[in-house]
Amino acid sequence: MSKTIKIYAFFMVLCFFSCVEPFDIPFVEGQGEPAIEKLLVVEATITNELKQHDVFLSSGSSFESEGIQFVQNAEVFINDDLGNTIRFSEIAPGHYQSQIAFQAVSDVEYQLFITSAGKNYEAAPTSLPNSATIENIKAERITTDLNAEGVAIYIDANFDDIGTPFLRYQYEETYKIIAPLWSPFDMIVTDPNPPFAFDLIPREQEERVCYGTRVSNDIIQSEGIDVNGNTLNNVLVRFISRDDFIISHRYSILVKQFVQSPDAFAFYQTLNDFSSDESVFTDIQPGFIQGNISNMADSSEKVIGFFEVANVSETRLFFNYEDLFPDEDLPPYAITCSFLSAPPTITPANTSPLKDIIESGDFVYVRDTNGTVEDGGPYFVARRACGDCTALGSNVVPEFWIEE
């Protein structure tokens, strides 16, 4: 039976850093089996932003169980046609970062080179496309054709005499979380032995209001857009269901717009077609996704990836739930929250459900049954995320955060 290659959405490669064992090329062939085909997977985008840029290297296996492995100890550098070389250092397994901050500029060609285990790879020379600027970002309450109600995030872009540009979008969204069953007190066990003793102490850190962050993991491109002169109108970047708890209070989204070359746009479009199934994994046959990176000595070797040089602009939007849904119930919280009554002791077994609950870390004290903080119980506790927002986000206010 022929084996297909399990292609992960390699543009999400950072999400796996903490849970996948690193892999060192060279590629290995199985004994008594057909060769285990390893494909080098490259994610490499540099932009007109002045920063340290990143390259991610991994390898996909024809055995589904092996999945993605990160390629370590490679030599990575970029040459431009002005004679400059920018070298990259490995800062995490498979994650290479430029040793200096730099930015791509117009009318200069850039070329990526990778050396790993005696194999040399190169990308086709690539230059910076013309620019298109985000002119406006807006949030609108809509009902989709499938009768789903929610919030649409739209972008308007402006471009100058370059023809309709090829655009790709990424976003990072941040949202306020307010724990619905928060109490200003924590309960601690002061005597872990029968008859057991407990105390209420003020909470030592902020656990009522937190902030969650998510990064887009889809390929979002400008297709079916409304072009009016030199303006692109109503490019849909994000749709959020009105039942999604992330818009319950205050929400912010940072949108990045990448102006791509036609080849880069086509590559991402093809990749998106393959990854649009119900699963985030896609079975494809080798060679279906052709990028612009190749083995310098063996052009028949399959390499998945694209070295992209892109023009970037970005903008941020804030809105509150009541801005779009005034006088309406908030979306459901991230988890179902209810009270659990926990007496301090149960006799004659000399056990304490309350002690077990507190020490588990899965529940937090909410209040005692008469609504005060007097000792004696029984007590109400709740699942941790219902009374401690740090279970879902960070209690550190983001630097960019603005309250209305």
(request) Answer yes if the side chains of Glu301 and Asn295 hold a donor-acceptor pair under 3.5 Å, and no otherwise. (result) yes

(request) Return yes if some donor-acceptor pair links the side-chain N/O of Tyr110 with the main-chain N/O of Val105 below 3.5 Å, else return no. (result) yes

(request) Return each pair, listed once, that meets salt bridge (Lys or Arg N to Asp or Glu O under 4.0 Å) where at least one residue sits in residues 81-101; pairs must be two or more places apart or across chains. (result) Glu75-Arg87

(request) Go through the structure and list residues passing ring pair (Phe, Tyr, Trp, His ring centres under 6.0 Å) with Tyr211, not counting sequence neighbours. (result) Trp401

(request) For the pair Thr126 (side chain) and Ala124 (backbone), establish whether a donor and an acceptor sit closer than 3.5 Å, ignoring hydrogens and angles. (result) yes

(request) Report yes or no: does Tyr365 contribute a side-chain atom to a donor-acceptor pair with the main-chain N or O of Ile358 at less than 3.5 Å? (result) no

(request) Please confirm whether the backbone N or O of His53 pairs with a side-chain atom of Ser98, one donor and one acceptor, at under 3.5 Å? (result) yes

Side-chain atoms of residues 332-340: list all donor-acceptor pairs with protein atoms under 3.5 Å, sequence neighbours left out, distances to 0.1 Å.
unit_1	atom_1	unit_2	atom_2	d
Tyr333	OH	Ala385	O	2.8

(request) Please round to the nearest 0.5 Å and tell me the distance separating atom CG of Asn234 and atom CD1 of Ile153. (result) 12.0 Å

(request) Before giving the answer on side chain to side chain contact (heavy atoms under 4.5 Å, CB included), spell out for Val366 and Trp182 the whole-Å C-alpha distance, their side-chain angles and the decisive distance to 0.1 Å. (result) CA-CA 6 Å; Val366 178; Trp182 174 84; over 6 Å; no

(message) Distance check, rounded to the nearest 0.5 Å: Thr115 atom OG1 versus Asn120 atom CG?
(response) 4.0 Å

(message) List the residues meeting side chain to side chain donor-acceptor pair (under 3.5 Å) with Arg250, not counting sequence neighbours, and say none if there are none.
(response) Asn320

(request) Examine Arg316 relative to Phe400 and say whether NZ or CZ is less than 6.0 Å from the centre of the six-membered ring and inside a 45° cone about the ring axis. (result) yes

(request) For Tyr121 and Val303, run side chain to side chain contact (heavy atoms under 4.5 Å, CB included): C-alpha distance rounded to whole Å, both residues' side-chain angles, the deciding distance at 0.1 Å, then the answer. (result) CA-CA 9 Å; Tyr121 302 87; Val303 180; 3.8 Å; yes

(message) Applying side chain to side chain contact (heavy atoms under 4.5 Å, CB included) to His249 and Leu330, what does each step give before you reach the verdict?
(response) CA-CA 8 Å; His249 303 288; Leu330 295 179; 3.7 Å; yes

(message) What I'd like to find out is whether the side chain of Val209 reaches to under 4.5 Å of the side chain of Ile177, using heavy atoms alone.
(response) no

(message) Would the distance check show the side chain of Thr133 and the main-chain N or O of Glu135 forming a donor-acceptor pair, the cut-off being under 3.5 Å?
(response) no

(request) Flag the pair Phe325 / Val151 as yes when at least one side-chain heavy-atom distance between them is below 4.5 Å, and no otherwise. (result) yes

(request) Examine distances only and state if a side-chain atom of Asn79 and a backbone atom of Gln111 form a donor-acceptor pair shorter than 3.5 Å. (result) no

(request) Quick one: closest heavy-atom pair of Thr45 and Ala310, and the distance? (result) CG2-CB, 4.5 Å

(message) Tell me whether Thr231 contacts the main-chain N or O of Asn158 through its side chain, where contact means a donor paired with an acceptor under 3.5 Å.
(response) no

(request) State, without any angle test, whether Ser261 and Asp263 hold a side-chain donor-acceptor pair at a distance under 3.5 Å. (result) no

(request) Kindly state each residue pair satisfying salt bridge (Lys or Arg N to Asp or Glu O under 4.0 Å) with at least one member in residues 174-184, sequence neighbours excluded. (result) Lys176-Glu403

(message) Testing the basics here: between Ala74 and Ser116, what is the closest heavy-atom pair and its distance to 0.1 Å?
(response) CB-CB, 4.1 Å

(request) Return the minimal non-hydrogen interatomic distance between Ala132 and Pro165, and the atom names on each side. (result) CB-CG, 4.1 Å

(request) List the atom of Pro398, the atom of Thr174, and the distance in Å for their closest heavy-atom pair. (result) CG-CG2, 4.1 Å

(message) Looking at every heavy atom in both Gln170 and Ser216, which two are closest together, and how far apart are they?
(response) CA-OG, 3.5 Å

(request) Give a yes or no answer on whether the side chain of Ser58 reaches the backbone of Gln69 with a donor-acceptor pair at less than 3.5 Å. (result) no

(message) Just so I know, are the side chains of Glu172 and Lys256 near enough to count as touching, which here means a heavy-atom distance under 4.5 Å?
(response) no

(request) Indicate yes or no: at least one non-hydrogen side-chain atom of Ile219 is less than 4.5 angstrom from one of Leu271. (result) yes

(message) When you measure from the side chain of Ser294 to the backbone of Met296, do you find a donor-acceptor pair of N or O atoms at a distance under 3.5 Å?
(response) no

(message) Counting C-beta onward and ignoring hydrogens, is there a side-chain heavy-atom pair between Ser394 and Cys210 closer than 4.5 Å?
(response) no

(request) Using salt bridge (Lys or Arg N to Asp or Glu O under 4.0 Å) as the criterion, list what pairs up with Glu207, not counting sequence neighbours. (result) Arg203

(request) Only counting residues at least two apart or in another chain, list the ones meeting salt bridge (Lys or Arg N to Asp or Glu O under 4.0 Å) with Glu359. (result) Lys355

(request) Report yes if some heavy atom in the side chain of Ile137 is under 4.5 Å from a heavy atom in the side chain of Val255; otherwise report no. (result) yes

(message) Rounded at 0.5 Å granularity, tell me how far CD1 in Ile155 sits from OH in Tyr171.
(response) 12.5 Å

(message) Suppose we screen for ring pair (Phe, Tyr, Trp, His ring centres under 6.0 Å). Which residues come up paired with Tyr251, at least two apart in sequence or across chains?
(response) Phe319

(request) Kindly indicate, with the supporting measurements, whether the criterion side chain to side chain donor-acceptor pair (under 3.5 Å) is fulfilled by Asn48 and Gln103. (result) CA-CA 5 Å; Asn48 59 321; Gln103 62 187 138; over 6 Å; no

(message) Just so I know, are the side chains of Phe307 and Ile78 near enough to count as touching, which here means a heavy-atom distance under 4.5 Å?
(response) yes

(message) Checking Tyr175 now: which residues fulfil ring pair (Phe, Tyr, Trp, His ring centres under 6.0 Å) with it, not counting sequence neighbours?
(response) Phe245

(message) Quick check for you: to the nearest 0.5 Å, what is the distance between Asn272 atom CG and Gln221 atom CD?
(response) 6.5 Å

(request) Mind checking ring pair (Phe, Tyr, Trp, His ring centres under 6.0 Å) for Phe166 and listing every partner two or more places apart, or none if nothing turns up? (result) Phe265

(message) Other residues, nucleotides and ligands only: do more than 12 of their heavy atoms fall within 6.0 Å of CG on Asp298?
(response) yes

(message) Looking at every non-hydrogen atom in both residues, tell me the closest pair between Tyr96 and Val71 and how far apart they are.
(response) OH-O, 2.9 Å

(request) Dump the intermediate steps for side chain to side chain contact (heavy atoms under 4.5 Å, CB included) on Leu57 and Phe70, then the final yes or no. (result) CA-CA 6 Å; Leu57 303 180; Phe70 296 106; over 6 Å; no

(message) Just so I know, are the side chains of Glu308 and Tyr268 near enough to count as touching, which here means a heavy-atom distance under 4.5 Å?
(response) yes

(request) Quick one: list whatever passes salt bridge (Lys or Arg N to Asp or Glu O under 4.0 Å) with Asp80, sequence neighbours left out. (result) none

(request) Calculate, to the nearest 0.5 Å, the distance between atoms CD and CD1 belonging to Gln257 and Ile220 respectively. (result) 12.0 Å

(message) I'd like to know if Lys138 and Asp156 make a salt bridge, using a cut-off of under 4.0 Å between side-chain N and carboxylate O.
(response) yes

(request) Name all pairs fulfilling the salt bridge (Lys or Arg N to Asp or Glu O under 4.0 Å) condition that reach into residues 323-332, sequence neighbours left out, sorted by first residue then second. (result) Arg141-Glu328, Arg242-Glu328

(message) For Gln99 and Ser89, which I'm curious about, is there any donor-acceptor pair between the side chains at under 3.5 Å?
(response) yes

(message) Taking Val259's backbone N and O only, do any of them form a donor-acceptor pair with Asn311's side chain (distance below 3.5 Å, no angle check)?
(response) no

(message) Once rounded to the nearest 0.5 Å, what's the spacing between atom CD1 of Ile114 and atom NZ of Lys119?
(response) 13.0 Å

